[in-house]
Every structure is written in C-alpha cells, then in structure tokens.
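Read through the structure below, which is laid out as structure tokens, and then see the notes.
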Amino acid sequence: MIAAEVTLPRILVLASGSGTNLQALIEAARERDFPGQIVAVGCNRPGAFALERAAQAGIETFTVDHTGYDSREAFDAALLAAIMKFNPDVVVLAGFMRILTADFVRALKGKMLNIHPSLLPRYTGLNTHQRVIDAGDTLHGVSIHFVTEDLDGGPVIAQAEVRVDPSDTAATLAEKVQRQEHILYPVVIRWFCEGRIQLDGHQVLFDGAALEGPMRLGADD
Ligand SMILES: Nc1nc2c(c(=O)[nH]1)N[C@@H](CN(C=O)c1ccc(C(=O)N[C@@H](CCC(=O)O)C(=O)O)cc1)CN2
Ligand SMILES: NCC(=O)N[C@@H]1O[C@H](COP(=O)([O-])[O-])[C@@H](O)[C@H]1O
C-alpha cells in the first residue's frame, strides 16, 4: 500500500530579539506528533539572536530591516511579500516588536497570532512588567491573541497567570512570565495547527464553540 504523504500546516515565525519563544516552538515542533512545521523565521532586526536559533535548527531565515524603509507602509509591504513566498498557514509573532498596519493585518486575518506579556486587556503596548509593579498589582501573566489592527486588542485565545511578589522586579517578573510563555505558546500553536482554534468575526472558536473568555492555562508561578 502506498502511504499518503501528509503536508503539515506551515508555520512562519516573526521575531525581533532573543527568540526564547521561538526556541520553545522549535523544540515543540521536534515532537513526533506535532501537527505543524516551522518553514521560516523572519526578523526586522539583522542582529536578532532569533536568527541564530533558527539557523542552528536548520530553519530558513530572512530579514526585512525596518530602518531601511521610509514608511511603516513600505516596510509592511516588503515584509508581507517576504512572508507570502513561504505560503504560511499561520504567522506567529514571537517577540516581534513592530506595530503592523491595517493592510498587513487584513492580509493575514485569522492567520496571525501574538504573545503579549500581560493579562489583556490590561497593559497593552510596551514595558508591561514595570507598569504592573508601578500599579501595585498582585497578578500578572501572558496572553495569546489573534492579531488585529487594534494594537494588542485582538480576540484573546488563552492566558496564564503569575503572582507578583513584593520582591519582584521587572526582570524577575519577565522571567516568571516567560516561563509561562514557553509552556503556553506551543500548546496554542499545536491546537491552531490541528484546526481547533479559529477566528469567527471577533469571536474565538475552540472545537467549533465560541469561547466566553480566554482559556486560563499554565502552571502557577
Ligand atoms: N496591528 C498590530 N500590530 C502588532 C500587534 C497587534 O496586536 N496589532 N501586536 C504587536 C506585539 N506587541 C505587543 O505584544 C507590540 C510590539 C511593538 C510595539 C511598539 O510600540 N513598537 C514600536 C517600536 C518599538 C521597538 O522597536 O522597540 C513601533 O512599532 O513603533 C507595541 C506592541 C506586534 N504588532
Ligand atoms: N509587546 C510585545 C512583547 O513585549 N513581547 C514579549 O517580548 C518577549 C520576547 O521574548 P523572546 O524574543 O525571548 O521570545 C516575550 O516575553 C513577549 O511576550
């Protein structure tokens, strides 16, 4: 009998920095039953260590340096052209630090996810860990959401919480949050590749049913 060749969903990861979330996805994708393949890693910063991580894993990389473009629109057009060459089924933002234009987001509607270091809708934007400390919050965490033109405002799929201790600094909080990120993102990407997570308008569907709110996952930290 001839075995049918199975083509796994194509994952393209965008990063800007260290790439520890990329590394967690690379390691998850090595598992025999992982239902996706990382086909490329793109960065907007030529020196991003995420590029080195991808290269060491034998994954194709590309760089579109945002400083080389006169406008956000021109950068986004070049980035989208580079992405589409790989025909991805999902674009995963993993520490990708550029705000994307509405046209770019529309081109990938329902196919682009982001991981954000806060319990959205609180603390969109940057410097979330310090803002949590400054506000005296005792609970923090990470959110994974569909990307829309509304910065960090897209429908939230899953979250994981971390406790904030009085002794915490932005650095120690970042470590706590990243430990949860590295658990949560591979799980959510697995589910997306299995077709269990979909975007229906502004609603997140899980196994075909609308989520009433983000799935709370992850271990206490
Ligand atoms: N249209 C959207 N674009 C992006 C989203 C999104 O939800 N909608 N998520 C972000 C990721 N992100 C937080 O999770 C984020 C990244 C970058 C910034 C930001 O202010 N970037 C500055 C440059 C900062 C730098 O280079 O260090 C900018 O683009 O001018 C805010 C939030 C990814 N894009
Ligand atoms: N607003 C976007 C943002 O702040 N994203 C955050 O950048 C870090 C990237 O780390 P990594 O490069 O080691 O994966 C992650 O903690 C991610 O949540």
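As the structure is a prediction and not an experimental result, all values here were calculated from the model. We count ligands from 1, going down the list as the structure has it; atoms in each ligand are counted the same way.
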Can you figure out which of [options] has its heavy atom closest to [atom]?
atom                    : options         : result
atom 12 (O) of ligand 2 : G95, G19, A50   : G19
atom 18 (O) of ligand 2 : R98, E181, Q180 : E181
atom 14 (O) of ligand 1 : H66, H116, M112 : H116

Where is the nearest protein heavy atom to [atom]: which residue, which atom, and how far?
atom                    : value
atom 5 (C) of ligand 1  : L151 CD1, 3.6 Å
atom 20 (O) of ligand 1 : L126 CD1, 3.5 Å
atom 30 (O) of ligand 1 : R72 NH2, 2.9 Å
atom 3 (C) of ligand 2  : P117 CD, 3.7 Å
atom 1 (N) of ligand 1  : L100 O, 2.9 Å
atom 13 (C) of ligand 1 : D152 OD1, 3.1 Å
atom 24 (C) of ligand 1 : M97 O, 3.6 Å

Distance filter under 4.0 Å to [X] heavy atoms, resulting ligand 2 atoms:
X    : value
I115 : 5 (N), 18 (O)
T20  : 11 (P), 12 (O), 13 (O), 14 (O)
H116 : 1 (N)
Q178 : 8 (C), 9 (C), 10 (O), 11 (P), 13 (O), 15 (C), 16 (O)

Numbering the atoms of ligand 1 from 1, which are under 4.0 Å from a heavy atom of [X]?
X    : result
E149 : 1 (N)
V105 : 1 (N)
F96  : 11 (C), 16 (C), 33 (C)

When rounded to the nearest 0.5 angstrom, what is the spacing between [atom1] in [X] and [atom2] in [Y]?
X    : Y    : atom1 : atom2 : result
L199 : I157 : CG    : CD1   : 8.0 Å
L25  : R30  : CG    : CZ    : 11.5 Å
I144 : I189 : CD1   : CD1   : 6.5 Å
Q56  : F49  : CD    : CZ    : 5.5 Å

Do [X] and [Y] pair up side chain to side chain, a donor and an acceptor below 3.5 Å, judged on atom types alone?
X    : Y    : answer
D65  : T67  : yes
H145 : S143 : no
H182 : T20  : yes
Y69  : D76  : no

Minimum heavy-atom separation for V64 and A82, please, with both atom names. CG2-CB, 4.1 Å
Judged by non-hydrogen atoms, does [X] sit under 4.0 Å from ligand 2?
X    : value
A15  : no
G125 : yes
M97  : yes

Does any N or O of ligand 1 fall below 3.5 Å from an N or O anywhere on [X], backbone included?
X    : answer
P117 : no
T148 : yes
G153 : no

[X] side-chain N/O to [Y] backbone N/O, donor-acceptor pair under 3.5 Å:
X    : Y    : result
E60  : V41  : no
K111 : P88  : yes
K109 : T148 : no
R131 : T124 : yes

Whether [X] lies under 4.0 Å from ligand 1, heavy atom:
X    : answer
N44  : no
R45  : yes
H145 : yes

Please say yes or no: joined through hydrophobic side-chain contacts below 4.5 Å, possibly via intermediate residues, are L51 and L14 part of one cluster?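 Result: no, two separate clusters.
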Can you tell me which portion of R98 lies within the under-4.0 Å heavy-atom range of ligand 1? Options are side chain, backbone, both, or neither. both
Within the supplied structure, the quantity of interest is the number of heavy atoms (other residues, nucleotides, ligands) at a distance under 6.0 Å from E212 CD; does it exceed 12? no
For D70, does the CG atom sit with more than 12 other heavy atoms under 6.0 Å from it, leaving out its own atoms?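 No, CG of D70 has 12 or fewer neighbouring heavy atoms, counting only those of other groups under 6.0 Å.
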Looking only at distances, can you tell me whether any N or O atom of D152, backbone or side chain, sits closer than 3.5 Å to an N or O atom of ligand 2?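 N/O-N/O distance below 3.5 Å does not exist for this pair.
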